[in-house]
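Everything on this sheet refers to the single structure shown next.
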Amino acid sequence: MSTLEIKDLQVSVETEDGPKEILKGVTLTINSGETHAIMGPNGSGKSTLAYSIAGHPKYSITGGTVTLDGEDVLEMSVDERAKAGLFLAMQYPVEVPGVSVANFLRTAKTALDGEAPKLRTWVKDVNGAMDKMHLDPSFSQRSVNEGFSGGEKKRHEIAQLDILDPAFALLDEIDSGLDIDALKVVSEGINDFRAREAKSVLLITHYTRILRYVKPDQVHVFVAGRIAESGGPELAEELEANGYEKYVAAGV
Amino acid sequence: MTAAVQEALELGKVESHLHPEGSFDVEAHEVPKGREEIWRFTPLKRLHDIHDDAPFADGATKVEVEAAEGVTVETVAADDDVRGLSGLVPTDRVSARAWAASTGATVVRIPTDTVVEGATVIRHHGTGSATAGAGHAVIVAEKFAKATVVLVFEGSAVVADNIEIVVEDGADLTVVSVQDWADDAVHLSTQHAKVGRDANLKHVSVSFGGDVVRHDFSAEYAGPGGSVESLGLYFADAGQHIEHRLFVDHTAPKTKSNVVYKGALQGEKAHAVWIGNVLIRKEAEGIETYEENRNLILTDGAWADSVPNLEIETGEIEGAGHASAIGRFDDEQLFYLQSRSISETEAKRLVVHGFFNDLIRQIGVPELEEKLTGTVEAELAKNINTLITKDNA
Ligand SMILES: Nc1ncnc2c1ncn2[C@@H]1O[C@H](COP(=O)(O)OP(=O)(O)OP(=O)(O)O)[C@@H](O)[C@H]1O
Ligand SMILES: [Mg+2]
């Protein structure tokens, strides 16, 4: 069970000219088992929303609340949020030179469970997850994301989603930079995850392309740091046809 | 003067501050005051006067040799001709004093065509003696020989030494110098290599312990096609001064050098200095050189100086480059790891391991790799405690 409740969230970043407000009051509830899609133009604050929920130190929360099953997420450190069940697949996954994927995953899993994973099943699980994402087993020995292509980085994020099995997945433009085959592979990975019990997904994207494979329960239009409109899957179709113009022009 | 020295002096004279005139005469080197270019980073007050006129005596370290099969290790008298074989001519007072004060030399010889399995280890245990020691060693890999020699320094001592490395034509030698000293040790080491035609030298300096550790490593080439890989790894703790001065003198065409030094610093007044000098002489056409120094500052109060110098006297080179960086933890890396449930402390530990890992792998001495990873871990354990107390404060 996990319900993520975001209420009137306001977020700013420090810039050379002082703090700049990016999120101007975001309210959104994602119930257990639901998939929500957020769509919006460049620079509207989608990544800021994802990072703020995950606890990136760059963003300061100036107002509002985020709770997971009633627990105050904003009070938690980054790793506590992950342990509470949040997982962020990043738009630009970070390279960690010299740290092998195998070591990284084992360390993460150990931190998550409070004990080291059982060796026998663990290797099988990791290889299985890599294989599903069409990543060669040799990736386990490579440094985290170092020298990975854009698509490989994204598939590696979904392999982690599979292995770490959080309650709640924030997927920030998981579809960008993927060719159609990779998009299908990644979508299958997300759908496998969703098929597990009580998993929630917040899918941030520019394009309706991925929504053909990963069907959302709700779609939100995100413009200028706010949700401008919410609706069902049909809203994505409308955006595909007409773009964001009407929302941007409305100056919402 | 030995034939080798004669030869070295016959190379064209270079008007470069990178290439000071050497001398065996102690009095030709003035007592450093601290403003001299080569001494400006070194805390002279902590040298127990070995840069001035403190006496040297035998017994500062006990030496233990584990020679691999096929390698001979012997002690020769100070007047033996083997001294100076590498072309080493002291360019500072400490090196000149150590040369003059040495009562003998340890000679490690790998005979022609001998390919040696396993490492030859020469262990120096500091005995805690109040009097400083002066050491001299000559490592000779004869033609087409292949071997690994590891020098280990541990315990308490004040030591100045000259280590000569001769890699004859076609030979392939790895020399690792591990400074795992106790906290109060002072070690000033001058290490010089002469690399023959088509020969390979991998020189590795690893510094963890000691109050002041200063290593000057220089290399020259006796013929074309030689290659020097100079690797360094250091971990400076509170109050520690770890200094590396590298000088690769490209004296022959088609030679290669690759210098990579990486260090982590933690604690109040932890200080690391890296000076990377490369000189490409007129006759050194078609050479390739790259030097790099990276410092990771783990806590406040630690600082690093990193100065690469490249002097080029010929336009006919294959490639020359350098990189130098002094940085702190990357927030994005820590965030990424933490967002996968890994605690901040553990994330930092992973990043530091990663920072050193590639380098440790490049050393290519399996017995050592595990030990070094362990030592990095032990060093980090100290830091992690200070971090925790900081967080709790
Ligand atoms: N450090 C910063 N200094 C100044 N502006 C910033 C900083 N970080 C983010 N911003 C701004 O915040 C706004 C929102 O950025 P964000 O990355 O959340 O947008 P996005 O909707 O994810 O865009 P995209 O679709 O391009 O990924 C942008 O205008 C961006 O330039
Ligand atoms: Mg974005």
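- Of the two parts of B:Phe335, the backbone and the side chain both hold a non-hydrogen atom closer than 4.5 Å to a non-hydrogen atom of chain A.
- Between the CG atom of B:Leu337 and the CZ atom of A:Phe104 there is a distance of 6.0 Å, given to the nearest 0.5 Å.
- Ranked by heavy-atom pairs under 4.5 Å with chain A, the list B:Ile360, B:Val351, B:Ile342, B:Leu334 is led by B:Ile342.
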Please tabulate, one pair per line, the N or O donor-acceptor pairs under 3.5 Å between chain A and chain B.
| unit_1 | atom_1 | unit_2 | atom_2 | d |
| --- | --- | --- | --- | --- |
| A:His56 | NE2 | B:Glu332 | OE1 | 3.1 |
| A:His56 | NE2 | B:Glu332 | OE2 | 3.0 |
| A:Leu88 | O | B:Arg340 | NH1 | 2.7 |
| A:Leu88 | O | B:Arg340 | NH2 | 3.0 |
| A:Glu95 | O | B:Gln333 | NE2 | 3.2 |
| A:Gly98 | O | B:Asn357 | ND2 | 2.9 |
| A:Asn145 | ND2 | B:Tyr336 | OH | 3.2 |
| A:Glu157 | OE1 | B:Arg340 | NH2 | 2.8 |
| A:Glu157 | OE2 | B:Tyr336 | OH | 2.4 |
| A:Glu157 | OE2 | B:Arg340 | NH2 | 3.4 |
| A:Gln160 | OE1 | B:Arg340 | NE | 2.5 |
| A:Gln160 | NE2 | B:Tyr336 | OH | 3.0 |

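- With a 4.5 angstrom heavy-atom cutoff, A:Leu164 touches chain B only via side-chain atoms.
- For chain B, the nearby parts of A:Pro93 are the backbone and the side chain; heavy atoms of each come within less than 4.5 Å.
- Taking chain B as the reference chain and counting heavy-atom pairs below 4.5 Å, the highest number among A:Ala84, A:Pro57, A:Ala108, A:Ala111 is found for A:Ala108.
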